[in-house]
2 protein chains.
Amino acid sequence: MDLDAVRTFVAAADAGRFQEAAAELAITQQAVSKRVAALERDLGVRLFTRTARGARLSIDGQAFLPHARELLRVAERAEASVRPGRRPLRVDVIASRGAASGLMRAFHRAHPEIELDVVWLFDIEKAVTAIRSGAVDASFRAVAAPGRPLPEDIASVRVLDEPLQLLTGPGHALAGARSVPLARLAGHRIWMPGVVPGTEWAAYYDDLVAEFGLTIEATGPNFGSDALLDTVADTPALATFMGGRTRLVWPAGHDLRRIPVTDPTPVYPHSLLWHRDNPHPALDVLRAHLAAASAGHDSAGTWTPGWVTPR
Amino acid sequence: MDLDAVRTFVAAADAGRFQEAAAELAITQQAVSKRVAALERDLGVRLFTRTARGARLSIDGQAFLPHARELLRVAERAEASVRPGRRPLRVDVIASRGAASGLMRAFHRAHPEIELDVVWLFDIEKAVTAIRSGAVDASFRAVAAPGRPLPEDIASVRVLDEPLQLLTGPGHALAGARSVPLARLAGHRIWMPGVVPGTEWAAYYDDLVAEFGLTIEATGPNFGSDALLDTVADTPALATFMGGRTRLVWPAGHDLRRIPVTDPTPVYPHSLLWHRDNPHPALDVLRAHLAAASAGHDSAGTWTPGWVTPR
DNA sequence: GCGGACCACAACCACCGGTTGTGGCACTAG
DNA sequence: CTAGTGCCACAACCGGTGGTTGTGGTCCGC
């Protein structure tokens, strides 16, 4: 199926005559006839009933027409998604099911008219480069990485402190606890295969380990969250950290426990980053939305690394 | 933009390497390279960053990918809409904004998983032909037309009696009435440019005219409902009939009145028609839904033509 | 009955899009 | 360091797609 043929089909359906459609598309009537015939051959049905006064849609053509229009609409949006200038707002989120992603879903619910594209960048360094180049408009990150202050032209605002929870299977020693103090995790094996070395996530856990004497293993390949959950559920000696607002695809038949951590509660500090000179109109809307949504957070009894910009 | 190129882009993005994508698509690596290059040239952006270990998505590529997937999904659905066997349920409704259309919208809300295609057929004769040939699965019609009983293999059930209302502008003699008896419409000009001669709609109004001595003008070309409403609003001598459950795009700035008609209330009898041997699984669901939704109608004080099958 | 409007078919031709062959580059093992 | 491997891009070639012009057939209205 060829998009040009679909475009021609829609034009012919609207015009009711191949000749008129041909004039609109700046091709000959014969070309329209051939394109439509090719589309009909591809689909295996007759789309028009030809008469001496034009071409009317057949029943199959009527059924196909709205799908054809939708196809052209989607194609237009796909092109617009990479068109420089007036493209959709492009936001980098740190994990597709994490809290930042949840914030963007809420933003989309509040402003469905704003076109969004969500991408993922490796670390804050790549994010800053992309923001400065204009390739992305905003980024959810923990700022700043240790010893690397943000450049002058990048602005940031803290939008969400996400408390970390312990995730264990039913056989784990702490599985029955309603909550667990951070100090009691010393000696337990905590497995974080998703944390890529060199990212600010890794820096965050490095600091957590150093300050509270935890044992975090980031070894082994990351087979995705499904495999992680499977392993944690089946291995009594293993637990993992998980953002308290992370959406999980809860594996059926597994008995996984989310246990709040206290004294202090480690929170992951999500900030929004953007370029001060970015003229995208939707960027202001996003910032206003997040400012309203993040009001009234309480940081008492929580922990963040020392290098994190204070609220 | 070429759908084959988009398919190739998605395959390469999933595989991470052009060679693997080429194997999946049963073409050479060079062909994949050329297709992706052509797509990048069309879009004006680079979709992959080529490395010696494969090809990773660029930021633009990441933004484009979900749109590309959506495009292929829509293309698949478009093809399925005309695929013989297991295509979406295809229903003929009498007018895109009429009551039958409202019933189908309600059905879609109740069963969003059922794929639907809505078409429009000229009259009940065409509808019966289409149903018998299997080109459409069901049709909303007034059965039967005078003197033409339904064939044996077509089944029907009355699903909605839609009361007719009078639609007038503010200057009309009846504009202030809360309701109007049918007999009082004698002598008033009622304009129905949308009624096509030869359809069962026309037969309905012919009977209405004959029985109550109305003056219905079906002359003049039909410029669409917008033009109809404009004219009615501005012409004190004109009124028109309108289904009580018809959704209107109410013209801004016009003061149009919908006036119920009584003693008796003419109702338009919508029935669902289908082929007894039609095996489409969604057809049973639709019939069950309509049976449940149409329960408990009251036909006292209403009028339908004598040729209409009684409830 | 004839002219006009419309679509389909035929012949022709340019160019798109596939193939094979080859080269350059990056990473790795010895 | 070097040879080897795996990756993608470029070049040359070639068949078929998809455009054009020219023509024929059919239906409708005057």
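Naming: A, B, ... by sequence-line order, numbering from 1 per chain. Reckoned from all heavy atoms, side chains included, excluding hydrogens, waters and symmetry mates. Quick caveat, the model's predicted, so the values are computed rather than measured.
- Phosphate proximity of dC25(C) to R53(B): absent, as no side-chain N or O sits under 4.0 Å from OP1 or OP2.
- Residue S33(A) places no side-chain N or O under 4.0 Å from the OP1 or OP2 atom of dC7(C).
- Rounded to whole angstrom, the span from the CD atom of E40(A) across to the P atom of dC7(C) amounts to 13 Å.
- Rounded to whole angstrom, the span from the CZ atom of R17(A) across to the P atom of dG4(C) amounts to 17 Å.
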List the steps, then state whether salt bridge (charged side-chain N to carboxylate O under 4.0 Å, His left out) holds for E76(A) with R73(A). CA-CA 5 Å; E76(A) 166 57 30; R73(A) 236 190 322 268; over 6 Å; no

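- When each of G16(B) and A31(A) is assigned the nucleotide of DNA chain D with its nearest heavy atom, G16(B) is the one assigned upstream, toward the 5' end.
- Taking the side chain of Q29(A) as heavy atoms from C-beta on, and the options dC7(C), dC9(C), dC8(D), the nearest nucleotide is dC7(C).
- Atom CG of D4(A) is separated from atom C1' of dC16(C) by 13 Å (rounded to the nearest Å).
- For dC7(D), the OP1/OP2 oxygens have a side-chain nitrogen or oxygen of Q19(B) closer than 4.0 Å.
- Between R41(B) atom CZ and dA9(D) atom C1' there is a gap of 15 Å when expressed in whole angstrom units.
- A donor N or O paired with an acceptor N or O is not found under 3.5 Å between the base of dG18(C) and the side-chain atoms of Q30(B).
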May I have the step-by-step check of salt bridge (charged side-chain N to carboxylate O under 4.0 Å, His left out) for D2(B) and R35(B), ending in yes or no? CA-CA 9 Å; D2(B) 179 16; R35(B) 281 189 187 177; over 6 Å; no

D117(B) vs R77(B), test: salt bridge (charged side-chain N to carboxylate O under 4.0 Å, His left out). Steps then yes/no. CA-CA 11 Å; D117(B) 278 315; R77(B) 294 231 309 242; over 6 Å; no

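- Of the two residues contacting DNA chain C, namely F18(A) and T28(B), the nearest-nucleotide position lying further toward the 5' end is that of F18(A).
- By the 30° and 60° cut-offs, the orientation of the rings of Y205(A) relative to F241(A) is parallel.
- Between the CG atom of L39(B) and the P atom of dC8(D) there is a distance of 16 Å, rounded to whole Å.
- The NZ atom of K34(A) sits 11 Å away from the P atom of dC9(C) (whole-angstrom rounding).
- Using a 4.0 Å cut-off between charged nitrogen and carboxylate oxygen, D153(B) and R132(B) count as a salt-bridge pair.
- Following rounding to the nearest Å, L25(A) (CG) and dT20(D) (P) show an atom-to-atom distance of 11 Å.
- Both R50(B) and A38(A) lie close to DNA chain D; mapped to their nearest nucleotides by heavy-atom distance, the more 5′-ward contact belongs to R50(B).
- Closest to the A52(A) side chain, of the nucleotides dT20(D), dC27(D), dA9(D), is dC27(D).
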